[in-house]
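First comes the structure, then the notes that go with it.
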Amino acid sequence: MARGGGPPRQLRRASASHAPTRAADPLPACGTRSARAYVYARATMPRLSEYLLPTEKQAPADAEAISHRLMVRAGLIRQLGAGMWTWLPAGWRAHQRATQIIREEIDAIGGQEMLMPVLQPSEAWKRSGRYEIEELFKLTDRKGADLVLAMTHEEAVTTHVAAAVRSYRDLPLILYHFQTKERDEPRPRAGVLRTREFVMKDSYTFDRDAAGLEERYQLHVRAYDRIFERSGLRWYRVEADVGMMGGSGAHEYMAPCPAGENEVALAPGYAANVEVASAEPQPVTLPPAPDAPEPVRTPGLTTVPDVASLLGLPEGALLKAFPVIALDEGPTAGSTGERMLLVLVRGDHRVNEIKLANALGHPFRPATAEEIERSLGPAGYIGPVGAPAEVEVLLDAAVAAVAPDGGYVTGANRADTHLRGVVPGRDFAFRTVDVRSVLAGDTVGGAPLEIEPAIEVGNIFKLGTRYSVPLGASYLDENGEQRPIWMGSYGIGPARIVAAAVEQYSDEHGISWPRELAPFAIHLVSIGKPGSAERESAEQLYETLSAGPLDVIYDDRDLGPGEKFADAELLGCPLRVTIGKRSLDSGEAEVQIRRGRAEAPGLPLTAPAAEQLQALEQLWQSLP
RNA sequence: CGGGACGUGGCGCAGCCUGGUAGCGCACUCGGUUUGGGUCCGAGAGGUCGCCGGUUCGAAUCCGGCCGUCCCGACCA
């Protein structure tokens with residue numbers, strides 16, 4: 001899991017020289033002997049006086065999210081338009097760190113890296129049914145051909161596999177790439193957290209059957225767990241909605257942070273997106289039930305809080321009715337498969353439309369006021385008692401699973417009237433479904449549930465034959481029979497890993513990078529006039545560090561110490577090494593650990609370079 | 001798509017109501033000063049006031065249209 005950050009050692013600069021290192025210096029030879037693809041010899045370690053790191057004291061007025069504010073202030077990113085962001089040099093280094101972690105771990109499970117185009121013909125998208133998606137950018141070339149900008153690459157990769165794979169002997173496959181994704185998001189937000197263009201690592205697996213898919217899926221679980229562990233994030237793997245289309249399993253990787261757009265439900269041993277979470281409800285005390293429901297006058301009171309307070313009951317003692325029209329035959333034109341269902345949840349609960357759609361197994365829409373009036377009664381006063389037989393009653397498990405110790409209050413299907421003493425089963429028939437949204441304080445296995453906002457940093461999804469069938473990706477099995485290929489797709493957004501790390505670990509001074517994501521390991525700060533002895537000493541240490549295994553950025557600018565320290569803490573490299581007059585007096589450079597701003601043992605200035613490097617490397621290994 | 005807000009040097013803001021030569025802080029340039037927590041002094045450079053049109057002798061300011069950006073919600077294969 002934990003390993004040294006930065007490029008492999010054998011490719012680093014071989015020797016240190018005390019002559020100033022300039023960008024024009026020739027790079028050490030690299031290439032054919034590279035142990036790992038895509039890792040090149042390290043370039044000269046930058047001097048801040050020559051590096052584009054435009055820091056700002058004040059964040060842009062329209063930036064709200066922590067990562068948005070800090071990444072702009074620290075000079076990592078700049079905006080070009082809504083949802084369009086440029087990564088500046090230091091920001092791109094962090095992004096590349098995330099990318100490299102992902103690459104190593106996907107390679108480790110047998111992934112084969114490739115590259116597919118963003119600009120694509122529209123045919124496969126029309127065949128897969130995704131051409132209609134609003135977020136899909138569509139364009140026309142000069143010949144009038146319809147093109148799209150890919151939002152993911154299922155269509156492309158499946159097209160290639162369909163053409164290239166013939167036999168069961170060609171399977172399984174894990175193919176992946178890092179490629180730009182384009183999505184016409186209705187609302188980009190929070191800097192780099194939700195953009196219209198971003199780089200995604202997407203991998204795709206191809207298997208002979210469901211069992212093979214399960215294997216490839218589990219390999220990705222392992223790789224993803226390692227990726228997020230190495231990234232240093234706080235993260236959860238949660239159960240996710242598989243959607244309506246042929247998915248048989250899905251997980252999301254969530255990084256809790258204030259700017260998160262999702263909510264995760266957490267209990268010991270349990271983690272789920274609230275979209276699909278289930279839990280035992282908090283108990284509610286019901287008033288005694290009479291032998292039969294009794295009407296109560298509730299003039300003008302159509303909301304749960306109003307009725308509850310009139311009757312002096314907790315909101316949970318009411319049953320909320322949610323009439324929906326199930327679209328049994330699917331949303332096809334002229335469909336006659338519409339039928340009304342009455343969904344009941346406890347008054348203090350809310351219907352979760354995703355869970356409801358999953359429970360129904362087909363789409364639905366809320367009933368219109370006219371439909372409600374026709375089948376049941378006036379909106380605000382509807383209930384299950386006396387509902388027409390053709391309106392099926394679905395009772396949420398939070399109610400159905402608990403033996404009633406009294407009666408509930410429901411609408412009476414008459415204006416200005418509710419019923420009390422309603423007992424499910426006695427007074428109306430029902431089917432049990434789990435369709436409510438869980439609440440903080442509900443329990444899972446007796447332990448209370450917490451709900452946290454989180455950002456989705458990755459997802460893994462069993463596609464099954466969702467794409468292979470329409471795009472004709474099949475193979476011949478041992479018996480010469482043609483079978484569809486079973487697919488999975490697996491995405492990670494490196495930009496979100498970077499932004500989530502900023503969200504999770506920043507403090508009032510700025511960013512505090514986890515070791516493996518930091519753009520530089522060491523921020524070397526010199527204090528003192530140019531030409532002074534302390535400057536000379538800093539230059540020397542810079543040369544030493546540049547030759548070592550850790551990446552360093554050297555603040556050689558002619559600025560006061562306050563500004564340099566402030567910039568260093570804003571940028572957030574894990575270690576800060578300072579050399580000033582004080583260091584010359586004590587014989588040691590000061591070392592500060594950014595996380596917690598703790599002081600580490602000083603670095604002896606007269607020690608041999610190898611010892612200095614070793615001391616820093618050792619400290620580095622101990623960092624989070 | 002619904003609701004709200006905002007567009008004035010690189011960043012943060014004032015000026016607009018009540019029309020009359022565009023201002024402040026930071027950053028930037030030059031000279032000096034200072035060098036272990038955003039030092040101080042002086043001199044400078046930099047702006048089609050988002051765009052188009054209208055009203056007016058005169059528009060950053062008033063009116064209309066458009067564009068852009070952000071926030072909340074909806075949406076998010």
Side-chain angles (χ1 to χ4, degrees), chain A residues 52 54-65 68-69 72-75 78-85 124-125 128-137 148 150-155 181-191 193-196 198 200 202 240-247 250 252 259 261-262 273 275 353-354 366 455-456 459 461 463 466-467 470 489 491 493 509-510 525-535 538 555 557-570 576-586 588-590 592 597 599 602:
Chain A
L52 181 64
T55 57
E56 297 285 347
K57 283 187 188 177
Q58 285 167 307
D62 54 21
E64 300 210 340
H68 184 183
R69 298 173 65 85
V72 171
R73 284 191 54 210
R78 283 294 186 270
Q79 182 172 30
L80 200 58
M84 295 175 270
W85 287 85
W125 293 80
S128 72
R130 294 211 297 174
Y131 192 69
E132 306 309 320
I133 292 174
E134 276 186 281
E135 280 73 23
L136 183 66
F137 278 109
V148 305
M151 52 196 304
T152 58
H153 284 75
E154 278 86 357
E155 280 79 1
K181 302 292 180 271
E182 305 284 350
R183 298 183 184 181
D184 194 359
E185 290 284 350
R187 188 151 103 75
R189 61 177 291 275
L193 236 31
R194 181 168 213 88
T195 54
R196 294 198 285 181
F198 60 97
M200 178 189 267
D202 37 329
D241 179 33
V242 296
M244 299 298 294
M245 288 190 297
E252 291 164 337
E261 304 182 286
N262 299 86
N273 193 318
E275 288 175 351
E353 301 196 3
I354 291 170
I455 183 75
E456 182 185 342
N459 64 68
F461 198 98
L463 291 170
R466 158 79 178 82
Y467 291 90
S489 80
H509 303 285
V525 173
S526 68
I527 295 171
K529 283 185 193 147
S532 63
E534 50 269 33
R535 280 289 185 137
D555 192 347
R557 298 173 299 176
D558 187 16
L559 293 176
E563 287 175 277
K564 291 190 175 188
F565 290 147
D567 272 354
E569 281 164 2
L570 181 57
R576 187 183 81 197
V577 176
T578 307
I579 294 192
K581 197 179 292 176
R582 190 189 293 173
S583 331
L584 296 188
D585 294 345
S586 70
E588 288 188 339
E590 169 193 316
Q592 188 213 53
R597 300 211 300 165
E599 200 169 315

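Proteins come first, then strands; the chains are lettered A, B, ... in the order of their sequence lines, and each starts at number 1. Small disclaimer: the values here were computed from a predicted structure and weren't measured.
Listed by chain and residue number, A:D555, A:D567 satisfy the salt bridge (charged side-chain N to carboxylate O under 4.0 Å, His left out) test with A:R557 (two or more places apart in sequence, or in another chain).
Residue A:P530 has its side chain nearest to B:rU35 when only B:rA77, B:rU35, B:rG12 are considered. Relative to the side chain of A:R183, the nucleotides B:rA77, B:rU35, B:rG38 differ in distance, and B:rA77 lies closest. For A:D62, taking side-chain heavy atoms from C-beta onward, the closest of the listed nucleotides B:rU69, B:rA77, B:rG12 is B:rU69. Side chain of A:P186, nearest nucleotide from B:rC11, B:rG38, B:rC75: B:rC75. Closest approach to the A:E563 side chain among B:rC75, B:rG38, B:rC11 is made by B:rG38 (side chain taken as heavy atoms from C-beta onward). Side-chain atoms of A:P60 lie closest to B:rG12 of the nucleotides B:rC75, B:rG12, B:rA77. For A:K529, the listed nucleotide lying nearest its side chain is B:rU35; candidates were B:rU35, B:rC76, B:rC11.
Summarising the base pairing, B:rU55 is matched to no nucleotide, lacking a Watson-Crick or G-U wobble pair whose two defining distances lie under 3.5 Å. When both pairing distances are held under 3.5 Å, B:rG68 makes a Watson-Crick or G-U pair with B:rC6. With a cut-off of 3.5 Å on both Watson-Crick or G-U wobble distances, the partner of B:rA27 is given as none. Pairing for B:rG73 goes to B:rC1, judged as Watson-Crick or G-U wobble with the two contacts each under 3.5 Å. When Watson-Crick and G-U wobble pairs are counted only if both distances are under 3.5 Å, B:rU48 pairs with no nucleotide at all.
A:Q79 has a side-chain polar atom (N or O) that falls below the 4.0 Å cut-off from OP1 or OP2 of B:rC70.
Residue contacts shown for A:G81 are limited to sugar-phosphate atoms, with no base heavy atom under 4.0 Å away. If you check every strand for non-hydrogen atoms under 4.0 Å, A:E569 touches a base. Among the atoms of the strands shown, only primed sugar atoms or phosphate atoms (P, OP1, OP2) are found under 4.0 Å from some heavy atom of A:A190. Among the heavy atoms of the strands lying under 4.0 Å from A:T152 is at least one base atom, whether or not backbone atoms are also near. Among the protein residues, A:L136 comes within range of no part of the nucleic acid, since none of its heavy atoms lies under 4.0 Å from any strand. Contacts of A:S583 with the nucleic acid, taken as non-hydrogen atoms under 4.0 Å apart, include base atoms. Within the nucleic acid shown, A:R69 has no heavy atom closer than 4.0 Å to any nucleic acid atom. In this structure, A:A63 reaches neither bases nor backbone, as no heavy-atom distance under 4.0 Å exists between it and the strands shown.
If you take atom C1' in B:rA27 and the same atom in B:rG10, they sit 7 Å apart, rounded to whole Å. A distance of about 32 Å separates the P atoms of B:rG50 and B:rU39, rounded to the whole Å. Comparing B:rA14 with B:rG47, their C1' atoms are spaced 15 Å from each other, to the whole Å.
Put simply, CG on A:D558 is 16 Å from P on B:rG38, counting in whole angstrom units. One atom, CZ of A:R189, and another, P of B:rC72, lie 5 Å apart when rounded to the nearest Å. For the pair A:R196 CZ and B:rU69 C1', the interatomic distance rounds to 11 Å; values are reported in whole Å. Spacing between atom NE2 of A:H68 and atom P of B:rC11 amounts to 12 Å, rounded to whole angstrom units. In this entry the distance linking CZ of A:R73 with P of B:rA27 reads 14 Å, nearest Å. A:R582 places its CZ atom 14 Å from the P atom of B:rU35, with the value rounded to the nearest Å. The CD-P distance, from A:E185 to B:rA77, rounds to 9 Å in whole Å. Nucleotide B:rC72 holds its P atom 5 Å from the CZ atom of A:R187, rounded to whole Å.
Looking at every heavy atom in both residues, A:H153 comes nearest to A:K181 through ND1-NZ, 3.1 Å. Taking both residues in full, the closest heavy atoms of A:A568 and A:R576 are given as CB-CD, 3.9 Å, listed atom of the first, atom of the second, then distance. Contact record, A:R196 with A:D184: NH1-OD1, 3.8 Å, taken as the closest heavy-atom pair. The two residues A:D202 and A:M200 have their closest heavy-atom pair at OD1-O, 3.3 Å.
Along RNA chain B, the nucleotide closest to A:P561 and the one closest to A:W85 are compared, and the more 5′ of them pairs with A:P561. Nearest-nucleotide assignment on RNA chain B puts the 5′-proximal partner with A:T55, out of A:A82 and A:T55.
With respect to A:R466 and A:E154, no salt bridge is recorded, no charged nitrogen being found less than 4.0 Å from a carboxylate O. Salt bridge A:R189/A:E64: absent, no basic N to carboxylate O contact under 4.0 Å.
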